[in-house]
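As the structure is a computational prediction, the values presented were derived from the model and not from experiment. We name chains A, B, ... by the order of the sequence lines, and we start the count at 1 in each one.
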There are 2 protein chains.
Amino acid sequence: MRSCLTSEEIKTRLSLAGVNPTAQRIAICRFVLCDADHPTADDVKTWADKNFPMVSRATVYNTLNTLVQVKILKEVRVSHSNKVMYDSNTEHHYHFFDETSGKLIDIDPDRVEVKADLPKGFKMHEMEIVFKGKVK
Amino acid sequence: MRSCLTSEEIKTRLSLAGVNPTAQRIAICRFVLCDADHPTADDVKTWADKNFPMVSRATVYNTLNTLVQVKILKEVRVSHSNKVMYDSNTEHHYHFFDETSGKLIDIDPDRVEVKADLPKGFKMHEMEIVFKGKVK
DNA sequence: ATCTTAATTTAGAATTAGTCTAAAGTTATG
DNA sequence: CATAACTTTAGACTAATTCTAAATTAAGAT
Ligand SMILES: [Mn+2]
Ligand SMILES: [Mn+2]
Ligand SMILES: [Zn+2]
Ligand SMILES: [Zn+2]
């Protein structure tokens, strides 16, 4: 998905975020930032086993958690799955869940207008929306 | 939460849904429909152990899954927890996640107006919204 | 009521997703 | 180079949920 970053660019992003750009982290980053689309940890591990067979399960989870902490990724959990999905789009956006493919599709928040009249005393600072349906 | 149903009313609801109203199912229903607020399976089990100590873990999960199937409950999964929460409100509604208490609060959809201009070919039939913030 | 079958519940094993541990390997620094 | 700090790893562990197979209970037919 999105234009692929070079190794150098990935290194820079990691360093700027205060994360040492190790080989494993760069490899995982390349996959989650360039090739994958809302992958699960298991998707990452499966890819690594094929393409970069020097990454342990622990490192996959450690790295994904680190990337979430430094806001290079966002965690997404949705009602139809019990696995965490990792989102390389850290900008505010929404999702469409395609019931046919089981995939999440990003929805630009500019296409969505929400007016919520929340009860008194509710201070909202974030909103998650998942549209569900089919894409044809 | 909401006005408590009598045993008879619960029996009727289960029967109408095609589910045999066994003692365990009635007990679980009373808890999830009358007393609990977006409980997890574990909440149900903990309550059962105290108040109706004849319900196994398997029955808790079986019953909750059955109640979801017959649409007496809805499953809710949200990004801050890896446990399924069971919602006795099966009407279309949204949620506010109170980051202080960790609880979900129902939001009447009449208070929320959403205008989504989804891409061509997207047929949406349901929308999930979780507002996040704090209630004071 | 008794027999027979189907539905339900149960304890505990199994599975799945994810975390933790402690040792081994790597990287950064003086 | 030496040493400390950081990272990775295999595999043990945990938490949530599902599965299995036996025991219990309920329903239906004589
Ligand atoms: Mn996480
Ligand atoms: Mn379920
Ligand atoms: Zn996304
Ligand atoms: Zn609700």
Task: Atom-to-atom span, CG of B:Asn62 to C1' of D:dT18 - whole angstrom - done: 9 Å
Open item on the list: Can you measure A:Leu14 atom CG to D:dC6 atom C1' for me and round it to whole angstrom units?
Closed with: 15 Å
Open item on the list: Taking the nucleotide of DNA chain D with the nearest heavy atom to each, does B:Thr40 or A:Gln24 sit closer to the 5' end?
Closed with: A:Gln24
- [ ] On DNA chain D, check which nucleotide each of B:Ala58 and B:Asn20 is closest to and give me the residue with the more 5' one.
- [x] B:Ala58
Open item on the list: Any base atoms under 4.0 Å from B:Arg57, or only sugar-phosphate, or nothing? Heavy atoms, all strands.
Closed with: base
Open item on the list: Any base atoms under 4.0 Å from B:Asp42, or only sugar-phosphate, or nothing? Heavy atoms, all strands.
Closed with: nothing
Open item on the list: Whether the A:Ser101 and A:Asp98 side chains hold a donor-acceptor pair (N or O, under 3.5 Å, no angle test) is what I'd like checked.
Closed with: yes
Open item on the list: Under a 3.5 Å cutoff, is there a donor and acceptor pairing between the side chains of B:Asn62 and B:Thr59?
Closed with: no
Short side-chain N/O contact to [N] OP1/OP2 from [X], under 4.0 Å:
| X | N | result |
| --- | --- | --- |
| B:Thr22 | D:dT25 | no |
| A:Asn65 | C:dT19 | yes |
| A:Tyr61 | C:dT19 | no |

Task: Nearest-0.5 Å distance that lies between atom CZ in B:Phe97 and atom NZ in B:Lys134 - done: 10.5 Å
